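Letters A, B, ... mirror the listed sequences (proteins, then strands); counts begin at 1. These numbers were taken from a predicted model, which means no experiment stands behind them.
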Amino acid sequence: MLDLQFIRENIETVRNACRDKRAPVDLDGLLGMDRERREAIQKADQLKAERNRASEEIARMKKEKQDASGRIAAMKAVGDEIKGLDERIRAIEASMRELLIHIPNIPHASCPAGGPEANRVVKEWGTIPEFDFKVQPHWDIGPALGLVDFDRGSRLSGSNFIAYFGMGARLERGLINFMIDLHVQKHGYREVWVPSVVRREMMFGTGQLPKLEEDMYHCGKDDLFLIPTAEVPVTNLHREETFDGAKLPVLYTAYTPCFRREAGSYGSDTRGLVRVHQFDKVEMVKFVKPETSYDELESLLGNAEDVLQTLGIPYRVLCLATGDMSFAAAKCYDIEAWAPGLGRWLEVSSCSNFEDFQARRMNIRYRPEKSGKTEYVHTLNGSGLALPRTVIAILENFQTEEGTVVVPEALRPYLGVSELKPGM
RNA sequence: GGAGAGGUGGCCGAGUCGGCUGAAGGCAACCGCCUGCUAAGCGGUUGUAGGGGCUUAAACCUCUACCCAGGGUUCGAAUCCCUGCCUCUCCGCCA
């Protein structure tokens with residue numbers, strides 16, 4: 001959510017953001033309502049001041065046993081007028097809020113302008129492996145080694161749900177532990193564990209709602225949503241709180257399952273592990289002071305990259321264009337791992353700075369050491385990493401001519417083996 | 001799932017039959033004073049948001065709102081009523 005005063009004073013910037021992020025919002029209507037609201041408030045406040053004075057007088061008269069019925073009758077009309085104005089203000093504010101929550105965050109000036117085609121590759125790491133045999137896609141390697149079972153997953157829950165068996169299940173569990181250990185021990189994050197279902201309000205807080213309701217699993221009986229990412233519960237952990245400035249930044253890492261209906265994405269990119277409805281992810285979330293948030297974004301990106309570097313998986317980093325960024329983000333980097341079996345890059349992480357956009361919605365502030373005047377924190381998050389595509393990258397990059405997969409050095413303590421072979 | 005109790009400022013805690021209660025009292029913090037040092041003591045200050053004024057801006061002035069949240073009753077609500085959320089106690093159920 002943007003600050004109303006900011007919108008008032010930077011209407012063209014906001015207009016551009018709405019256009020870039022394809023969010024048609026009636027900004028002129030909003031400004032009109034803003035004027036109307038302020039007029040009504042002025043009038044109501046005046047009447048309330050009058051009422052307060054009269055109330056005091058009535059109280060005094062009653063105490064002195066005088067007849068106050070004349071005053072009371074006169075104030076009745078004022079009370080009714082105030083009620084009418086308050087109702088009007090409430091209605092205007094509700095309409096304004098409805099518009100406000102649909103206004104996207106303003107992209108940072110350093111982001112390339114345009115749609116997905118304008119995304120800028122800012123880094124490539126590692127060497128794309130060359131194979132002197134015919135490479136296989138993970139959907140052949142996985143089942144052949146008995147690691148993943150697509151058919152039985154679908155039988156349980158429908159298409160694009162999966163089941164892991166044996167070393168496949170252990171690989172999943174090992175990767176989670178490996179990533180969390182790395183972020184906690186090397187990067188200084190604190191591990192948290194949170195619920196996988198949350199209230200509607202939380203989805204508004206981080207900005208998934210109102211836009212993405214169709215993409216989420218919803219438990220109607222309790223009006224709870226299955227989380228699409230740990231970002232939602234972890235960022236909302238501190239809603240309505242004021243941090244002590246000296247305690248910032250606060251860094252969390254969390255493993256959670258993630259649930260996405262992926263409505264409307266059928267047909268493309270849905271084979272194998274590329275796009276599944278339930279997947280595991282290790283997430284990093286930061287609460288920081290505004291002046292440090294862009295440095296924190298770079299280090300967050302570095303922490304996510306470190307996972308791939310430690311595993312030895314080649315990847316590239318994209319700085320997303322204004323039109324390809326999510327609703328709430330001000331700046332976003334995507335990390336894409338190379339998948340030789342598919343012959344393409346796969347997004348395994350998305351690292352974003354939301355500035356104060358989410359903090360405003362959740363009312364998360366901090367008290368600077370010096371001024372004592374509370375300000376909104378900046379929030380950031382990044383995947384570190386999403387599991388299924390990391391599994392794809394491991395299976396496809398480290399496959400051998402014999403059909404086995406060499407386990408990256410860093411994962412061996414977690415898996416207990418150095419190679420994945422059939423029948424394990 | 002059933003029954004009950006409760007949610008007041010940074011913290012603790014008082015608010016009687018609705019009427020100078022933004023809110024007693026205590027603690028904490030900050031600023032003075034005092035003081036070989038420390039401690040104690042004395043005086044003062046300390047919430048947030050929204051309007052309006054003034055200003056380059058900040059400071060400042062003024063009004064309004066806020067005693068979990070949202071409605072309602074009333075001339076007037078922290079105080080009465082309804083709904084929601086949360087916490088606690090007891091019973092039931094249970095991995």
Side-chain angles (χ1 to χ4, degrees), chain A residues 1-10 30-101 193-205 209 219-225 232-233 236-248 257 290 356 359-377:
Chain A
M1 190 145 62
L2 297 178
D3 179 37
L4 196 53
Q5 194 181 339
F6 175 88
I7 297 173
R8 237 181 257 147
E9 289 165 6
N10 302 274
L30 180 69
L31 291 181
M33 284 183 236
D34 178 44
R35 275 189 298 274
E36 231 184 300
R37 167 177 172 271
R38 280 185 291 167
E39 274 171 31
I41 283 178
Q42 270 186 56
K43 215 163 173 189
D45 279 1
Q46 257 170 29
L47 291 174
K48 283 177 186 171
E50 186 186 334
R51 181 178 72 185
N52 287 343
R53 279 192 300 272
S55 283
E56 255 173 62
E57 201 183 320
I58 290 168
R60 205 183 49 245
M61 287 169 84
K62 287 212 160 176
K63 204 176 268 175
E64 292 165 4
K65 302 273 193 260
Q66 295 177 29
D67 177 27
S69 57
R71 292 294 293 178
I72 289 174
M75 290 319 289
K76 173 105 177 116
V78 174
D80 288 344
E81 198 177 344
I82 289 172
K83 190 176 286 182
L85 282 167
D86 275 345
E87 241 162 66
R88 181 157 174 63
I89 292 166
R90 257 203 307 278
I92 295 172
E93 283 180 346
S95 313
M96 286 176 74
R97 186 182 152 68
E98 187 56 28
L99 289 181
L100 274 172
I101 57 172
W193 188 95
V194 292
S196 301
V197 293
V198 296
R199 290 212 179 88
R200 177 173 287 274
E201 223 180 327
M202 309 304 146
M203 290 295 181
F204 273 99
L209 287 179
C219 312
K221 219 169 185 174
D222 301 299
D223 197 21
L224 292 172
F225 291 86
V232 179
N236 276 283
L237 229 33
H238 290 292
R239 64 163 35 232
E240 306 291 339
E241 286 184 29
T242 303
F243 285 101
D244 172 1
K247 301 264 168 62
L248 295 178
D356 63 5
R360 203 178 290 282
R361 288 186 169 212
M362 288 177 282
N363 197 22
I364 306 178
R365 293 175 298 175
Y366 77 104
R367 199 175 295 281
E369 292 94 319
K370 291 265 151 55
S371 76
K373 178 92 179 148
T374 57
E375 289 176 46
Y376 289 109
V377 299

Separation of [X] atom [atom1] from [N] atom [atom2], in whole Å?
X: Tyr376(A); N: U48(B); atom1: OH; atom2: C1'; result: 11 Å
X: Ile82(A); N: G51(B); atom1: CD1; atom2: P; result: 19 Å
X: Glu87(A); N: G71(B); atom1: CD; atom2: P; result: 10 Å
X: Asp222(A); N: G84(B); atom1: CG; atom2: P; result: 14 Å
X: Gln46(A); N: C63(B); atom1: CD; atom2: C1'; result: 9 Å
X: Lys48(A); N: G52(B); atom1: NZ; atom2: P; result: 15 Å
X: Asn236(A); N: C85(B); atom1: CG; atom2: P; result: 17 Å
X: Leu47(A); N: C75(B); atom1: CG; atom2: P; result: 16 Å

For the pair [X] (side chain) and [Y] (backbone), establish whether a donor and an acceptor sit closer than 3.5 Å, ignoring hydrogens and angles.
X: Arg361(A); Y: Ile101(A); value: yes
X: Arg71(A); Y: Ile58(A); value: no
X: Asn236(A); Y: Met202(A); value: yes

Mind running salt bridge (Lys or Arg N to Asp or Glu O under 4.0 Å) on Asp86(A) and Arg90(A) for me, showing each step along the way?
-> CA-CA 6 Å; Asp86(A) 275 345; Arg90(A) 257 203 307 278; 5.8 Å; no
Nearest to the side chain of [X] - [options]?
X: Arg365(A); options: A49(B), C75(B), G50(B); value: A49(B)
X: Lys83(A); options: U73(B), C75(B), G51(B); value: U73(B)
X: Gln42(A); options: G51(B), G72(B), U64(B); value: G51(B)
X: Ile72(A); options: C75(B), G51(B), A49(B); value: C75(B)

Under a 3.5 Å limit for both distances, which nucleotide forms a Watson-Crick or G-U wobble pair with [N], could you say?
N: G70(B); answer: C82(B)
N: A95(B); answer: none
N: C75(B); answer: G19(B)
N: A57(B); answer: none
N: G32(B); answer: C42(B)
N: C37(B); answer: none
N: C90(B); answer: G2(B)
N: G25(B); answer: C12(B)

Given Arg88(A) and Glu36(A), is the salt bridge (Lys or Arg N to Asp or Glu O under 4.0 Å) satisfied, shown in steps?
-> CA-CA 10 Å; Arg88(A) 181 157 174 63; Glu36(A) 231 184 300; 2.2 Å; yes
Rounded distance in Å between the [atom1] positions of [N] and [M]:
N: G22(B); M: C82(B); atom1: C1'; value: 26 Å
N: G32(B); M: G50(B); atom1: P; value: 32 Å
N: A69(B); M: C86(B); atom1: P; value: 15 Å
N: G4(B); M: U16(B); atom1: P; value: 24 Å
N: A59(B); M: G41(B); atom1: C1'; value: 34 Å
N: C42(B); M: G51(B); atom1: C1'; value: 41 Å
N: A57(B); M: G47(B); atom1: C1'; value: 25 Å
N: C27(B); M: U21(B); atom1: P; value: 22 Å

Distance-only donor-acceptor test (3.5 Å): side chain Asp45(A), base G50(B) = yes
Touch class at under 4.0 angstrom, heavy-atom based, for [X] against every strand present:
X: Ala54(A); answer: nothing
X: Arg37(A); answer: sugar-phosphate
X: Ile58(A); answer: base

Atom CG in Leu85(A), atom CD in Glu39(A): separation rounded to 0.5 Å?
->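 Here the rounded value is 11.5 Å.
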Between CD on residue Glu93(A) and CE on residue Met96(A), distance to nearest 0.5 Å =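 Nearest 0.5 Å value for the CD-CE distance: 7.5 Å.
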State whether [X] places a side-chain N or O below 4.0 Å from either non-bridging phosphate oxygen (OP1 or OP2) of [N].
X: Arg38(A); N: G52(B); result: yes
X: Lys76(A); N: C75(B); result: yes
X: Arg51(A); N: G76(B); result: yes

Closest approach of Met33(A) to Leu99(A) (non-hydrogen atoms, all atoms of both residues) | CE-CD1, 3.5 Å
Starting at the 5' end of RNA chain B, which residue's closest nucleotide do you reach first, Asp34(A) or Ala49(A)?
-> Asp34(A)
Nearest-nucleotide comparison on RNA chain B, the residue closer to the 5′ end among Asn52(A) and Glu56(A) | Glu56(A)
